[in-house]
Each structure stands twice: as structure tokens, then as C-alpha cells.
Protein chains: 2
Amino acid sequence: MATLAPKLSFKEQMHQARERAILQTACDLLGAKSFDAMTMDDVAGGVGIAKASLYKHFGSKEELCCAAMVEVLHLVNDFITTLEPTLPPVTKLRAVVRWSLERQMAGEIPLLPSHNSSLRAVLMSNQDYAGSVERLSDTLGAWIVEAQAEGVLDPELPPLVVLYTLYARACDTVAGLLLESGLYQREDIIELVLRTCFDGLRSR
Amino acid sequence: MATLAPKLSFKEQMHQARERAILQTACDLLGAKSFDAMTMDDVAGGVGIAKASLYKHFGSKEELCCAAMVEVLHLVNDFITTLEPTLPPVTKLRAVVRWSLERQMAGEIPLLPSHNSSLRAVLMSNQDYAGSVERLSDTLGAWIVEAQAEGVLDPELPPLVVLYTLYARACDTVAGLLLESGLYQREDIIELVLRTCFDGLRSR
DNA sequence: GTCTATATGACGATAGAC
DNA sequence: GTCTATCGTCATATAGAC
């Protein structure tokens, strides 16, 4: 396994470190602006290397941004494996949305690109990305069905509607706007957003 | 008043008609792609005029897109005035979200630009836009407070959180994604989205 | 005001020295 | 592999004829 590779030359370590720095910078930038607005000069400047050097690591802007998005999906899939499997499914669903909200409030790249982003078309034809999305959707979908069977989530809602609603809340900008307003603390905002998502706006 | 202006020369009528066509095309394009991805060539091609002619009507791309967004805000503010004032506030709130969802599913420009759009910065410094947003927010905010006082909306949620949540649902992409899936009819999708927004995902 | 043609600049990507 | 310098392309915006 790769994690057991005993020796990595200094050169290779530097190479990987640079690549991680590039990906991290791209993540930050994509959290702040759209794919179209982000430039390779931005990335190069952020990392502190020449633009031409970027192209030694990633063949194109699309390739770099794909890699960044795939990285995020791997992170969330990793996070999911750390969740205690015996937890109630709705608790696990909340945890995933919370994870995404925390990431987003930290200014990092959202889980999914917005619908009208130019990046979407590129991502959808990327096998690694599509596979990760499918894996994530399958996991969340199973939890949704479980939670509905338990009667915890509304069984009358189609699971696909629930899934998309969770994605939307995990990526929407309410949390960021509330943070900007300066009226609430991070933790309060996360609780409020989770509450409006699961319990709705109406009184009980 | 302008609506009573008795005579409008043929030239002026043509001018206004072209301007409306330009705005409509910009609306459609901004519904389909981001501000950055939309080009003035797209707009000119859509309207069927030369690009240079656009600049006789609008001084810049930013100005055109601002005008398009302001147009939408005027439309929603107009829609609001058609609502029977004696209706319960929560009914009026639902109606506004429904109006926005219908617009969005028709492929038209959303009510508000996404957080990380380059357009946002431009809009925020546009007085006409900012004024319309403020007017809209004041109206919706008053209804929210009323509905909370009646106990129909959860009084423990800060009104600002409710407002942003409504904005997010009015602009999010769940409706569009569900429409793309082909599994549901427009009217069903709207009902489902309104339901998850107001009633949440949890069983009652 | 509308058009064709063009000036100007930004950005993705590459060439070639080190 | 990294850099500087540059190419090719495309988009905003304008010039100038009609």
C-alpha cells in the first residue's frame, strides 16, 4: 500500500508538498470566487511559484480544479468512515451537513459546485469525481431511507428530494451571510442552519 | 406619470422594445450561466443585433447585468403589491418563494446572485439594486415578525435567519436539479420544495 | 442607432534558458 | 522542475462609416 511506502526521496517529498500547496490554494480561491473568475495567476501568486510551474503538476485549469473538488469529496468520504456506524442515521446525516457548513464558513471550497458553474460540465465528465459523488449519494441515500423507515424523517418525501435538500443546505450561502453579519457565533449559526433544515421554519 | 405619457414616437417605442429584448436575453443567459461566463457576444447574438449596439443602451457589461437584476427585483416587488394584504403573512411568504421558484424553473435569472459571483460586488454598490433589496427585505421581514407573533413561524428563530433561509430556498438549485431528473412535474417540485423549506425534513 | 472592423487587455498555455 | 518571456485567443469596449 502507498501509505507503507518506506522511502520517499527528498525530491519526491518536495514535489508532493508543492502539489498539496497548489491544491490548497485552489481550494481557498474556489471558496472565494467562481471557477471562471479564478485565474491561474491567482493560484501561482497564492502558492508563490511561477504560473508555468503549475502546468508541470496539472495539465490545465480544469484538471487542477477537478483535482481540488475530488479532494474535497475524498475528505467528506473519509469523514463519513470516522462516524460510529451504530449512530442513528439522522444523526449521521446532520454530522455530514455540519461538516460541510464548518468547511464553508472557514472559506473553503463547497462540496458541490453551483448549478450554473462552468466547472460543473467538466466535473461531470470526470470519472474520479463522478464516482465519489455516487459513493457519497449512495451512503447518504441509504441513511435517508433508514431514517424514513424509523419515522424520524418524513416518509412522504422522496429520498431524492431529501438528498438534494441536504446538498443545497451544505453548500448554500446562508451560513456565510450570517457570519458576515457579525451578529452570531459560528457554532450558533451552524445550529440555526441545521435546525431550519431539519425542523423547518414553522412552529411545532 | 410615465404610464400616462400620451405619445411616444415610433423611434422611442423601438428603442424601448430593443432595450427590453436586451434585458430579457441577459436575464435568460444569467439564469443559465454565471456572470463571468456570459459574454456580450452571447447577448448580442441572442437579441440579434451587433455587439456595439448594446453599448448604446448600456455602458458596460456590469451596467447591463445590474439593470437585469434590478428588473427582477422590481418584478418581485410588483408581485408583492398584487398580494391581498389581508392574507396571513406566512401565506404571502410562501407565495413569494413560489413566485421565485417558478421563475427559476423557467430558466430565468434568480432573485439574488450567488455569494461568490463577481456580480455581487458590482450590485452591492448599485443604489437602485441595494434600494430594491432593502425594500424587499423590509416587507418580508415584517411578515416574518408577524408570523412569529402569531406562532405560525418558529419564534425562536432570529428573523434574519428566516429571511436568509427564504432567500436561499428561492435561489437554490434543488428545484432545477429535480426538474432535470425528469421524475417530477413542475407543480409537484414546487410543493415539495416549499414543504421542505417550511416544514423541514423531520416527521411531525 | 446600427453596423463592420479594430484597439486593448486579460488569461490559458507554452518555449526555452537555467 | 523552475523560472522569464511570450504566443494565441477571446472578451470588453470603441472608432468611424452609413
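Sequence lines set the chain letters: A, B, ... in the order given, protein chains first and strands last, and positions in each chain run from 1.
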**Study point:** Integer-rounded Å distance: dT4(C) P and Tyr55(B) OH
**Key:** 16 Å
Revision key, fill the gap. Closest of dC11(C), dT2(D), dT4(D) to the Ser53(A) side chain is dT2(D)
Practice item. Indicate whether the side chain of Ser181(B) and that of Tyr164(A) have a donor and an acceptor atom separated by less than 3.5 Å. Key: no
Point to revise | Separation of dG16(C) P from Lys56(A) NZ (nearest whole Å) | key: 12 Å
Check your understanding: Rounded to whole angstroms, how far apart are CZ on Arg18(A) and P on dC3(D)?
Key -> 8 Å
Check your understanding: In terms of side-chain heavy atoms of Asp41(A), which of dC11(C), dG1(D), dT12(D) is nearest?
Key -> dC11(C)
Check your understanding: Do Leu201(A) and Asp199(B) have side chains that get closer than 4.5 Å, going by heavy atoms?
Key -> no
Exercise for review: Compute whether any side-chain donor of one residue and acceptor of the other, for Ser118(B) and Asp36(B), lie under 3.5 angstrom apart.
Suggested key: yes
Review point. Any donor-acceptor pair under 3.5 Å joining the side chain of Lys51(A) to the base of dG12(C)?
Key: yes
**Study point:** Close side-chain approach of Ser114(A) and Thr173(B), heavy atoms under 4.5 Å
**Key:** no
Practice item. With the side chain of Ala50(A) defined as its heavy atoms from C-beta on, choose the nearest nucleotide among dA15(D), dT12(D), dT4(D). Key: dT4(D)
Practice item. Between dG1(C), dA13(C), dT12(D), spot the one nearest the side chain of Thr39(B), thanks. Key: dT12(D)
Review point. Any idea which of dA13(D), dA15(C), dC11(C) is nearest the Lys61(B) side chain?
Key: dA13(D)
Practice item. Choose from dG1(D), dT2(D), dA13(C) the nucleotide whose nearest atom is closest to any side-chain atom of Ser60(A). Key: dA13(C)
Point to revise | Selected nucleotide, minimal atom distance to Glu62(B) side chain, candidates dA13(D), dG1(C), dT2(D) | key: dA13(D)
Practice item. Using heavy atoms to find the nearest nucleotide of DNA chain C for Ala37(A) and Ala52(A) separately, return the residue whose nucleotide is more 5′. Key: Ala37(A)
Check your understanding: Out of dC3(D), dG12(C), dT12(D), which nucleotide sits closest to the side chain of Ile49(A)?
Key -> dC3(D)
Study note, to complete from the structure: Atom CZ of Phe58(A) and atom P of dT2(D) are separated, to the nearest Å, by 12 Å
Practice item. By nearest nucleotide on DNA chain C, pick out whichever of Leu54(B) and Met38(A) is the more 5' one. Key: Leu54(B)
Check your understanding: Could you give the distance from NZ (Lys61(B)) to CG (Leu54(B)), rounded to the nearest 0.5 Å?
Key -> 12.0 Å
Revision key, fill the gap. His57(A) NE2 to dA13(C) P, in whole Å, measures 16 Å
Review point. Expressed in angstrom and rounded to an integer, what is the separation of Leu64(B) atom CG from dA11(D) atom C1'?
Key: 15 Å
Point to revise | Rounded interatomic separation in angstrom, taking NZ from Lys33(A) and P from dA10(C) | key: 14 Å
Study note, to complete from the structure: Separation of dT9(D) atom C1' from Asp36(A) atom CG, nearest Å, is 16 Å
